[in-house]
Participant: 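Starting off with a structure, shown below.
Below, all heavy atoms of this structure are taken into account, side chains as well, without hydrogens, waters or symmetry copies. Residue numbering restarts at 1 for every chain, and letters A, B, ... go by the order of the sequence lines.
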Amino acid sequence: MLENNTENKFKNFIYEIINEDLKTNKFDGRVHTRFPPEPNGYLHIGHAKSIYLNYGIARDFNGKFNLRFDDTNPEKEEQEYVDSIVEDVKWLGGDFEDRIFFASDYFDKMFEYAVELIKKGKAYVCDLNADEIRMTRGTLTEPGKESPFRSRTIEENLDLFYRMKNGEFSNGSKTLRAKIDMSSPNFNMRDPIMYRIVHEAHHRQGNKWCIYPTYDWAHGLEDSIEGITHSICTLEFENHRPLYDWFLDNLEIYHPQQIEFARLNLSYTVMSKRKLLQLVKENYVDGWDDPRMPTISGYRRRGYTPEAIRNFAEIIGVAKRDALTDISLLEFAIRDNLNKKAQRVMGVLRPLKIILLNYEGLEDLDAINNPEDLTAGSRKVKFTKELYIEKTDFMENPIKGFHRLIPGGEVRLRYAYIIKCEEIVKDENGEIVELRCSYDPETKSGSGTSTKKVKGTIHWVSANYFVDAEVRLYDRLFNVENPGAVENWLETINPDSLQIIRNAKIESILNEARKGDRFQFERNGYFCVDSKFTSDDKLVFNRTVTLKDSWSAKNK
RNA sequence: UGCCGGGUCGUCUAAUGGUAGGACAGCGGCCUUUGGAGCCGUAUGUAGAGGUUCGAAUCCUCUCUCGGCAGCCA
């Protein structure tokens with residue numbers, strides 16, 4: 001067992017509870033958490049918060065952490081989701097060792113427990129259909145009415161329950177209900193349903209079962225069976241806790257502690273699995289792993305790192321109050337992480353040809369791979385007479401404060417020379433197609449021979465040595481801060497959330513880039529080689545996040 | 001208006017009856033061969049009213065306000 005260090009003690013209110021439990025020896029000094037996803041969709045960043053919370057607790061208290069699939073509803077669950085969830089939890093670093101479990105593996109045990117509750121006179125088979133149950137449940141201010149089947153004998157209930165299990169009854173015709181209190185102010189206690197009849201194959205159990213346990217009945221049993229100490233869930237289950245406790249107490253079995261915390265909401269994104277599924281199914285995005293999706297697979301494809309997501313989880317903390325977390329916190333986390341580890345490279349997204357009138361030949365110039373990490377070394381970049389620079393780095397009629405290239409003005413080419421714009425070449429439409437410049441041989445980067453100072457430094461790529469790439473620029477998927485709260489949320493989708501640039505010119509060193517590799521395109525942002533659309537003859541980059549840009553921010 | 005749970009800078013979060021602090025975002029400046037990074041500085045907050053106390057974000061009372069709950073979903 002671990003020493004309580006003060007660092008852990010007040011990390012959040014859940015740590016406080018655990019420290020108290022450790023002090024009173026409530027669970028014999030054990031700490032055992034779990035992450036219990038339902039395999040009915042892909043994991044999103046809200047799940048990452050929960051994974052890091054649960055896994056982090058296990059790690060900090062020398063406890064254990066289980067991955068458990070809460071697969072109690074065959075109508076919504078699929079193996080594909082199980083596979084993606086396992087991959088995502090591992091990628092995030094949630095280490096469940098060999099403890100991967102399935103609620104469906106406990107179905108036999110749950111059935112026995114149900115029989116036990118019937119024998120105690122605390123559960124009964126009810127013949128009311130769904131409508132009738134709803135109508136007799138009462139309202140917010142009125143108590144419900146007791147089911148006419150509530151007083152069946154134990155023998156009759158047992159007989160009926162076994163026959164339910166054996167498939168004698170049709171979907172929805174009968175349920176097993178807990179006999180609690182139809183007048184409870186808490187709806188969850190008004191004789192909640194424990195089993196429903198669903199004649200449907202289960203993704204792991206096949207046709208073994210035609211009755212399936214409900215969440216309320218199953219979840220506490222799953223926790224109890226696994227010896228979980230702290231069963232951490234989100235706020236909407238707070239009203240379910242009395243029922244969680246009731247089942248375990250009346251069964252007189254091992255009783256974990258349910259604790260609720262506020263789920264993550266992120267600005268400009270939707271988090272509900274139902275809505276994410278709809279975006280996928282109706283092709284608003286290009287799959288669960290579309291880089292605009294808040295899914296783990298989406299962030300992975302976009303270029304996010306597990307460390308950044310974990311740091312984000314640390315930054316936002318854990319509390320009980322509903323929150324709408326600003327997306328800038330997440331963006332900070334990934335910038336901060338990539339700044340320290342991403343190789344720098346020059347990439348011109350919107351090329352503008354430059355011809356150096358007084359330059360001939362070819363030079364290999366030194367470029368630093370990462371100014372934040374000099375051990376990353378340097379590389380050679382080809383410098384030639386004809387180059388590409390960023391279209392937006394030239395202004396024929398510059399606005400105030402513009403530090404880059406202007407007619408007759410000078411600017412430094414990163415790692416190279418200072419150049420001066422001598423002449424603008426336009427096509428018949430008046431579009432600028434080329435700039436003719438001179439270079440100053442005294443200003444070679446690193447030579448120490450230059451006394452000249454210029455305000456701007458821009459990136460460039462040789463027009464003779466480069467690699468063509470497609471670059472995908474992403475913006476927020478929604479135009480409103482809290483799309484989940486908008487009724488017509490689909491109408492708030494940002495039509496410009498994806499911009500595809502087909503002929504970006506990138507340093508030729510990126511010929512060797514492989515799927516998933518991350519780079520900083522200097523002055524542009526962080527980019528990741530797309531794992532889906534990149535092929536042998538086509539390089540595709542996803543923009544993970546822009547660099548912080550105080551210039552364009554100022555000019556908004 | 002039945003029950004449950006919340007309300008601290010713009011946002012997220014800390015305080016455990018004893019100086020309301022941090023991060024992000026913002027603003028100002030320094031520095032800079034990335035308008036990046038870094039560094040320095042700065043403003044902004046305890047929902048309200050009473051009460052207890054030497055002392056209250058914290059305890060009590062009332063009010064206001066936000067969220068959740070009437071699936072055989074989780």
Side-chain angles (χ1 to χ4, degrees), chain A residues 9-12 16 36-38 40 70 72-73 75-76 126 128-130 133-135 137-144 171-177 184-190 192-198 211-212 214-216 218-219 233-242 260 262 264 267 273-274 314-333 335-336 339-340 344 346 368 371-372 401-404 411-416 418 443 445-446 450 453-459 520-525 546-555:
Chain A
K9 190 155 190 181
F10 293 125
K11 196 164 174 185
N12 60 53
E16 281 180 55
E38 184 191 12
N40 67 343
D70 201 5
T72 57
N73 183 356
E75 293 176 319
K76 292 184 175 176
C126 181
L128 260 27
N129 65 33
I133 286 183
R134 182 172 357 101
M135 287 188 306
R137 189 153 24 220
T139 68
L140 292 177
T141 51
E142 304 159 37
N171 285 358
S173 61
K174 282 183 169 47
T175 57
L176 183 72
R177 293 228 255 168
S184 170
N186 182 343
F187 277 101
N188 298 120
M189 304 300 271
R190 319 244 263 224
I193 287 157
M194 297 162 61
Y195 278 95
R196 71 273 207 184
I197 300 172
V198 182
I211 58 171
Y212 290 91
T214 57
Y215 169 86
D216 285 313
H219 205 87
C233 61
T234 44
L235 249 30
E236 68 268 27
F237 292 104
E238 226 157 7
N239 293 335
H240 295 245
R241 180 157 24 93
E260 310 85 15
L264 171 67
S267 64
K273 277 206 252 181
R274 203 201 98 238
E314 290 290 334
I315 290 167
I316 60 174
V318 174
K320 290 199 73 161
R321 92 179 67 124
D322 286 307
L324 180 59
T325 298
D326 198 299
I327 192 82
S328 67
L329 278 288
L330 214 213
E331 293 177 347
F332 165 78
R335 277 194 196 104
D336 190 49
N339 176 47
K340 295 180 180 95
R344 269 61 167 176
M346 293 194 283
I368 293 169
E372 304 297 314
F402 187 75
H403 288 172
R404 287 107 86 176
V411 75
R412 174 171 286 283
L413 295 180
R414 179 88 159 142
Y415 299 124
I418 290 174
T443 59
S445 183
S450 173
K453 288 274 182 196
V454 287
K455 277 188 180 163
T457 299
I458 64 175
H459 58 277
Q520 183 196 104
F521 291 180
E522 291 208 34
R523 304 205 307 128
N524 260 318
T546 61
L547 255 27
K548 205 166 116 186
D549 184 354
S550 53
W551 165 249
S552 68
K554 190 180 284 186
N555 285 284

Participant: Syn or anti for rG22(B), please, going by whether the chi angle lies within 90° of 0.
Facilitator: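 Judged by the O4'-C1' to base torsion, rG22(B) sits in anti, the angle falling more than 90° away from 0.
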Participant: C1' atom, rU44(B) versus rG21(B): distance in rounded Å?
Facilitator: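 To the nearest whole Å, 14 Å.
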Participant: Could you list the protein-to-nucleotides 6-9 of chain B atom pairs, N/O on both sides, closer than 3.5 Å?
Facilitator:
| from | atom 1 | to | atom 2 | distance (Å) |
| --- | --- | --- | --- | --- |
| rU8(B) | OP2 | R321(A) | NE | 3.4 |
| rU8(B) | OP2 | R321(A) | NH1 | 3.4 |
| rU8(B) | O4 | R321(A) | NH2 | 3.3 |

Participant: One character per nucleotide, please: for nucleotides 21-38 of chain B, 5' to 3', B when the base has a protein heavy atom closer than 4.0 Å, S when only the sugar-phosphate does, - otherwise.
Facilitator: ---SS-------BBBBS-
Participant: Can you sort out the partners of H459(A) under ring pair (Phe, Tyr, Trp, His ring centres under 6.0 Å), two or more places apart, ordered by chain and number?
Facilitator: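 Counting only residues at least two positions away or on another chain, H459(A) forms no ring pair (Phe, Tyr, Trp, His ring centres under 6.0 Å).
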Participant: Taking protein heavy atoms under 4.0 Å as touching, what does nucleotides 69-74 of chain B look like 5' to 3' if B marks base contact, S marks sugar-phosphate-only contact and - marks none?
Facilitator: BBSBSB
Participant: rU13(B) and rU32(B): how far apart are their C1' atoms, nearest whole angstrom?
Facilitator: 33 Å
Participant: Going by atom type alone, with no hydrogens or angles, which donor-acceptor pairs under 3.5 Å involve a side-chain atom of residues 317-327 of chain A and a protein atom two or more places apart or on another chain?
Facilitator:
| from | atom 1 | to | atom 2 | distance (Å) |
| --- | --- | --- | --- | --- |
| K320(A) | NZ | E238(A) | OE2 | 2.5 |
| D326(A) | OD1 | S328(A) | N | 2.9 |
| D326(A) | OD1 | S328(A) | OG | 3.1 |

Participant: Expected output check: what is the dot-bracket annotation of RNA chain B, where ( ) and [ ] are pairs inside the strand (brackets for crossing ones), | is paired with another strand, and pairs are Watson-Crick or G-U under 3.5 Å?
Facilitator: .((((((..((((....[..)))).(((((.......)))))....(((((..]....))))))))))).....
Participant: Without swapping roles, check the side chain of N186(A) against the backbone of N239(A) for a donor-acceptor pair under 3.5 Å.
Facilitator: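 A pair under 3.5 Å: yes.
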Participant: Suppose you measure atom P in rC39(B) against the same atom in rA49(B); what distance do you get, rounded to whole Å?
Facilitator: 40 Å
Participant: Check whether any side-chain heavy atom of K11(A) sits under 4.5 Å from a side-chain heavy atom of E314(A), and report yes or no.
Facilitator: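 K11(A) reaches E314(A) side chain to side chain.
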Participant: When the C1' atoms of rG38(B) and rU33(B) are considered, how many whole Å apart are they?
Facilitator: 16 Å
Participant: Please measure how far the C1' atom in rG18(B) lies from the corresponding atom in rA56(B), and state the result in whole Å.
Facilitator: 10 Å
